[in-house]
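Down below is the structure, laid out as structure tokens.
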Number of protein chains: 2
Amino acid sequence: MESIEHLLERVRERVPRLTKGKKAVVEILFAAEHSMTAQEIYSSWEERKHDQSELPHLQDIDLVTIYRNLEQLEKLGIVCKMEHSHGSWRYCLTGTHTERHHSHTISCVSCGKQLAIGACVLSEVDKIIAERTGFQNIHHVVQFTGACPECTV
Amino acid sequence: MESIEHLLERVRERVPRLTKGKKAVVEILFAAEHSMTAQEIYSSWEERKHDQSELPHLQDIDLVTIYRNLEQLEKLGIVCKMEHSHGSWRYCLTGTHTERHHSHTISCVSCGKQLAIGACVLSEVDKIIAERTGFQNIHHVVQFTGACPECTV
DNA sequence: TTTCTTATTGCAAAATATTTGCAGTAAGCT
DNA sequence: AGCTTACTGCAAATATTTTGCAATAAGAAA
Ligand SMILES: [Mn+2]
Ligand SMILES: [Mn+2]
Ligand SMILES: [Zn+2]
Ligand SMILES: [Zn+2]
């Protein structure tokens, strides 16, 4: 697995200025097990700041900055906007285990219950679309919905 | 193709009360070529009202009512929430050409350009998931994103 | 190091999309 | 016609994301 140092180096090469905000976003997503929302990344930074364990004192980062950095990193193909669940988007680092092994879910339109439906089978489709359209850094968002057994009368 | 009268009859059987709002939503989606947002359904009704062609005078329907009716009709499996594009959800009648032959798109994360990538190939997956999970009335939302040729330097 | 340019930031506010509370209305049953 | 309560309109809340703008700071140049 790529080291955080190497990853940040790659980011530094592609981005006009490597700022604390960009570093924070990348580091937090790097440490994450799953995809995160902008708000979750923000909260994660707040916690880390609150834990004081790191010196020198960590600066504040606005939620707006998180959004702007995620957008820029997405355009550079470093971050990908993956799933739109419960009203907000989720992000992760491209090319990572999190991206590749995301498992889609199905949610009940009635009670909201969520069920994982196993690992993604569309990564191959991403490649086919790349060939057909010429697009690069392709990702996808898939969400299944239906009525769960309890909600089906 | 099912007639609007028959469709409304089916809706009447499933719904506690068939109101003007529910009728409006169903009729508008029935006449639609493509999936629509709640706002588009609302605007469509406003236009139809403005055209005065229909007598007696058509009543106002609030956008909130459209949302509430769409939610109820979705839970009954009559309407399906299909795609989340440009910030809002799109709806259509289940079992229609619009649902079956929706074509997914890929959008450029940089310039926003959209490209259709052909008819959906996931309807079969819906069925497999139904068998595995016991869910019914399954639908899916798929959105591919990437960088289009012009935005790839 | 200091200076310079301008990408980036924080804060406030706007823009969207969707949901909720509530009092009044009306669909459909008796 | 009367009754019940599902449904509606309106206003307001919520939630998410975007935008404007003046202040700040990253990184190149001097
Ligand atoms: Mn997938
Ligand atoms: Mn599809
Ligand atoms: Zn359920
Ligand atoms: Zn593009």
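Since the model is a prediction, treat every value here as computed from it, not as a measurement. Heavy atoms only: backbone and side chains are in, while hydrogens, waters and symmetry mates are out. Within every chain, numbering begins at 1; the chains are lettered A, B, ... in the order of the sequence lines, protein sequences first and strands thereafter.
- B:E40 and B:S44 share no donor-acceptor pair across their side chains, judged by distance under 3.5 Å alone.
- Whole-Å rounding puts the A:D60 CG to D:dA23 C1' distance at 16 Å.
- Of the charged side-chain nitrogens involved, none lies within less than 4.0 Å of a carboxylate oxygen, so that B:R68 and B:E71 do not count as a salt-bridged pair.
- Rounding to the nearest 0.5 angstrom, the gap separating the CD1 atom in A:I4 from the CG atom in A:L93 is 7.5 Å.
- Taking atom CD1 of A:I61 as the reference point, atom P of C:dG10 lies 7 Å away to the nearest angstrom.
- Note on B:W89: a side-chain N or O is less than 4.0 Å away from OP1 or OP2 of C:dT18.
- B:K23 places its NZ atom 13 Å from the P atom of D:dT8, with the value rounded to the nearest Å.
- Looking at the side chain of B:Q72, the nearest of the listed nucleotides C:dT8, D:dC7, D:dT17 is D:dC7.
- Shown here for A:N69 and A:G21, the closest heavy-atom pair between the two residues is ND2-C, 3.2 Å.
- A:M36 CE to A:Y91 OH: the interatomic distance, rounded to the nearest 0.5 Å, is 12.5 Å.
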Considering only nitrogen or oxygen atoms on both sides, find all protein atoms under 3.5 Å from nucleotides 18-21 of chain D and state each distance.
| residue | atom | partner | partner atom | Å |
| --- | --- | --- | --- | --- |
| D:dG20 | O6 | A:R68 | NH1 | 3.4 |

Nucleotides 26-28 of chain C: which of its N/O atoms have a protein N/O under 3.5 Å away?
| residue | atom | partner | partner atom | Å |
| --- | --- | --- | --- | --- |
| C:dA27 | N3 | B:R17 | NH1 | 3.2 |
| C:dG28 | OP1 | B:L18 | N | 2.8 |

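- Nucleotide C:dT9 holds its C1' atom 14 Å from the CH2 atom of A:W45, rounded to whole Å.
- Atom CG in B:L73 sits about 16 Å away from atom P in D:dA6, given to the nearest Å.
- In terms of heavy atoms, A:T94 sits closest to A:C80 at CG2-CB, 3.5 Å.
- If you check the side chains of B:E47 and B:S43, you find no donor sitting under 3.5 Å from an acceptor.
- Distances were taken from every side-chain heavy atom of A:K22 (C-beta onward) to each of D:dT8, C:dC11, C:dT8; the shortest belongs to C:dT8.
- Side chain of A:K75 to backbone of A:L70: no donor-acceptor contact under 3.5 angstrom is found.
- Within a heavy-atom distance below 4.0 Å of DNA chain D, no residue of residues 3-11 of chain A is found.
- With rounding to whole Å, A:Y42 atom OH is found 15 Å from D:dT17 atom C1'.
- Between A:E13 and A:R10 there is no salt bridge, since no side-chain nitrogen of the basic residue lies less than 4.0 Å from a carboxylate oxygen of the acidic one.
- Of the charged side-chain nitrogens involved, at least one lies within less than 4.0 Å of a carboxylate oxygen, so that A:R48 and A:E27 count as a salt-bridged pair.
- The CG-P distance, from A:L70 to C:dT9, rounds to 11 Å in whole Å.
- Neither side chain, B:Q59 nor B:K49, offers a donor N or O lying under 3.5 Å from an acceptor on the other.
- Across the protein-nucleic acid pair, B:I66 atom CD1 and C:dT19 atom C1' stand 15 Å apart, rounded to whole Å.
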